[in-house]
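Here the structure is laid out as structure tokens; the discussion comes afterwards.
Heads up: numbering here begins at 1 and tracks the sequence. Every heavy atom of this structure was used, including side-chain atoms; hydrogens, water molecules and symmetry mates were not.
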Amino acid sequence: MHDECTPLQTTSIIQDIQATDIAARGELNVIETDTVSPTNGEESHYKNQVQIKKNKTHVSSELMEKENNTSLNGNVTGQKESQNKMFPDKAENKADKQTEHMTAENINGNKKEIHDIIQTTEREIQEISESQREEITTSSITRDSFNKYVNSLLPNNPESVNKKNNIMEKEFLDVLNDETGPQVSCYITAPSYVLQHLECRIINSMSSLIVSENEELVSNVITIEFSDQEKRIPFPICIAIPFNARYRGNYRDIMVKVSDISLQSSYLTPNALEGPRGSYKGTCAEVKAYKLGIFSVVSCLKKESFTVTKKGLILKPSMDSRISLNYPQGVFSSPVLVQLKVNIKNRTKCVSVRKPGSNACESLKLLGFRSRDGGWFVLDDVVVRTMQSGLVSFELFEHLERFIVLHLSSVVDNSCLVSFVKSLEEATLCTTACVVLNHQKHNPHRAVILVVPHKDLNQALKHLHLGGFSGPPEPSCRFQLREGEQLLLRFTGNIFASSNGKDFGKDYQLIFHLQRQPRLELQLKEVDEFGNYSCPHYKGTIEVYKVLKEKIAPNLDQSLILHENQYQLPVCKLPVSLPKHEKLINRPQSTRRISTDPLEALWDNLLYWLAEELSEDNATSLSSSLPLRCSTIQLIKLKNPDNLTEQIHELLSFWKKSLPTSTDKLRLLARHLRKIGRGDLSEELKFKWENKVFTEQQQWFDMAE
């Protein structure tokens, strides 16, 4: 369980801004935030402390007397523009200073609109306070919103009203590779002139760097850019991203994650999780975005926030009704905001808790986590009691960020318990997976490679079989993978691969995402056509390496290179094989040696006829009967591995040439045919020889005679 406590005074208290107060006293409310960064690699919890400071400017009595006759000047100072075109909302403040003159009447006439702007800002701040890694200040949001409002009032922008009315939705498509068609990246609802200059691309190669701990990617990773820097985007705009979440449950939420180029991220709660939209038949997560950047849909731990007052609180979280939190009266001297997360593995077996007593060494131990104390530690002074129905209870007198209860069957040293909990926490972030390689049934040179959780292996193999793919080889051995970890595939031996059918010999990457099942389709080819000569097929090996997240380059154009001097061992290996090419040799008639002797020509013709009549079993028996060496028979088979007729003809021709000239070859061959049970062929062979019956050379033989 993850637990955060924040004093209630840190929540936003936005006072209503009266236009007359601004005009008379020059008073401006500024909202500031403070970001707290965690340590020890744990999940970040950002607390936004929102305060309101009043900067009063005293106006002299002479100026107050002139207010009735002259206009008031309000100075609005902009911020410096970021040069990154990915965030055009920052580009709106490019000018060092912009001074707009508004009359007191205009200000007073728009008091209600200013009040709406501040309320909108308050909602923005609340969204940001829920995000876990937000590094932008709320003061910039307030000034940006105020500047946008002031700019909308300017008389030199007459087209703004017309553009706002022309709101429409556009479907953005992108092509991942040449093998697949275009797919929907997102839907954006905005003014038509904005949609014309928006560019949306799928960048799944960045997914390793997008997901954090306890997050699971359920959509493509997309980047949205605005190409026209001279125009402004009237934020917010509506963005709907297709996603597919296979595992849901009470413990997890669907959130839209927004990241900038430095991979600083914030989270948006979807306004709706809609069904089919446009040409996409699945589900979309729709949000209102106030900036552009890198968007993705993630499944993350559900966070529940509640306030503990001086009177105390008894709470049963919606994630798990078995958990009960009881804050007695007076535990806090002031109201405190508490945020709770429950981390459970919606896919492991839970073991019921037995009551201690049957074994004197059995005990229940509570371990807590605090980043300021260096991590996990055992709370020996806290007594853990066993309740009915497998529940435990205990009292805490100090704040813990995370805690866990262990049921021990024997006495264990505290250091071992701490080490065990660290390993357990690491194991909850890992999944047992394996690599699957299947060939297309009718085209073994086309292969697909998957990284699948081991528990989903049978289902994945079934889907591959329905898609026309099958093994061998068998799936790889099992190994542990974390969400977003990357695998590097290296082909060795006499087989290499290409993703486009052209560039062979490269290494390939697969990024593991539990709910997305990464897939890689490759074209396989032998390196050396004459290699593996003693084997009926070409052989190779795929070595699979796990790439550490620290080694992954954040640059999209920088490829991963695994240097040999790193001495990294592969997590698994997969044997891969390809059938050898069928050699179709169309020999012209002139290539077959035909003796000028009519009897030799007849022999050649009869031996070829005999080779066509003998079966594979007959050929095996005949080769054993004829006095030929095994090496000679093996050489003949290698010369014609896929043509049985040519093998038998070559075998008989070699046997005939090895006999002396005076030998009665016809009588000897007839004896071997009777020996293997083909007396019918023996009698027919004698008939053809005595009557000079053969096909193609009949006319030539008569002429020669």
Side-chain angles (χ1 to χ4, degrees), residues 1-16 29 31-36 38 42-53 118-119 121-132 134 138 250-253 267 269 301-344 353 364 366-373 377 379-405:
M1 298 174 61
H2 302 262
D3 183 41
E4 293 181 4
C5 290
T6 306
L8 191 61
Q9 63 185 5
T10 61
T11 59
S12 313
I13 306 175
I14 311 296
Q15 298 181 352
D16 189 10
N29 289 354
I31 303 169
E32 298 179 352
T33 63
D34 183 21
T35 302
V36 181
E42 69 168 273
E43 182 180 0
S44 305
H45 302 282
Y46 286 78
K47 307 173 184 178
N48 296 326
Q49 299 178 352
V50 183
Q51 299 177 347
I52 296 183
K53 297 183 179 179
I118 299 302
Q119 287 184 336
T121 304
E122 181 181 5
R123 288 195 297 270
E124 295 175 5
I125 297 168
Q126 291 175 355
E127 291 180 358
I128 296 174
S129 65
E130 293 178 0
S131 66
Q132 301 176 5
E134 183 64 69
T138 317
N250 296 330
Y251 296 94
R252 306 192 74 85
D253 262 339
Y267 297 80
T269 302
L301 292 178
K302 183 178 292 185
K303 178 166 60 178
E304 187 167 332
S305 301
F306 51 93
T307 302
V308 182
T309 63
K310 297 180 181 179
K311 297 181 181 180
L313 179 69
I314 297 178
L315 176 72
K316 285 185 176 294
S318 61
M319 296 91 76
D320 194 335
S321 60
R322 299 173 298 175
I323 300 174
S324 177
L325 301 177
N326 184 3
Y327 293 86
Q329 182 178 359
V331 68
F332 294 122
S333 59
S334 61
V336 169
L337 177 66
V338 178
Q339 294 179 332
L340 177 69
K341 293 181 181 180
V342 180
N343 188 3
I344 183 172
V353 179
L364 296 171
L366 174 67
L367 287 85
F369 181 94
R370 271 198 303 262
S371 55
R372 72 168 184 261
D373 293 335
F377 57 94
L379 287 87
D380 290 316
D381 55 343
V382 176
V383 179
V384 182
R385 301 179 180 86
T386 303
M387 309 293 289
Q388 61 181 358
S389 302
L391 300 178
V392 296
S393 68
F394 50 88
E395 295 182 354
L396 292 177
F397 298 93
E398 54 185 334
H399 172 63
L400 297 177
E401 297 174 20
R402 300 200 291 273
F403 56 86
I404 187 173
V405 176

Rounded to the nearest 0.5 Å, what separates atom NZ in Lys303 from atom NZ in Lys341? 5.5 Å

Which pairs with one or both residues in residues 311-321 pass side chain to side chain donor-acceptor pair (under 3.5 Å), sequence neighbours excluded? Tyr251-Asp320, Glu304-Ser318, Asp320-Arg322

About how many Å separate CG of Leu364 and CZ of Phe394, when rounded to the nearest 0.5 Å? 10.5 Å

Go through the structure and list residues passing ring-ring contact (aromatic ring centres under 6.0 Å, His included) with Phe377, not counting sequence neighbours. none

Contacts of Asp381 meeting side-chain contact (heavy atoms from CB on, under 4.5 Å) (sequence neighbours excluded), chain-then-number -> Leu379

Which residues pass the salt bridge (Lys or Arg N to Asp or Glu O under 4.0 Å) test with Glu395, sequence neighbours left out? none

For the residue pair His399 and Arg370, what are the closest heavy atoms and their distance? O-NH1, 3.0 Å

Check each of Thr307, Leu315, Leu325, Val308 against Val338 using the side chain to side chain contact (heavy atoms under 4.5 Å, CB included) test, and report the only one that passes. Val308

Closest heavy-atom contact between Leu301 and Val342? CD2-O, 3.7 Å

Tell me the closest heavy-atom pair linking Lys310 and Ser333, and the distance in Å. CE-O, 2.8 Å

Return the minimal non-hydrogen interatomic distance between Gly368 and Leu400, and the atom names on each side. CA-CD1, 4.0 Å

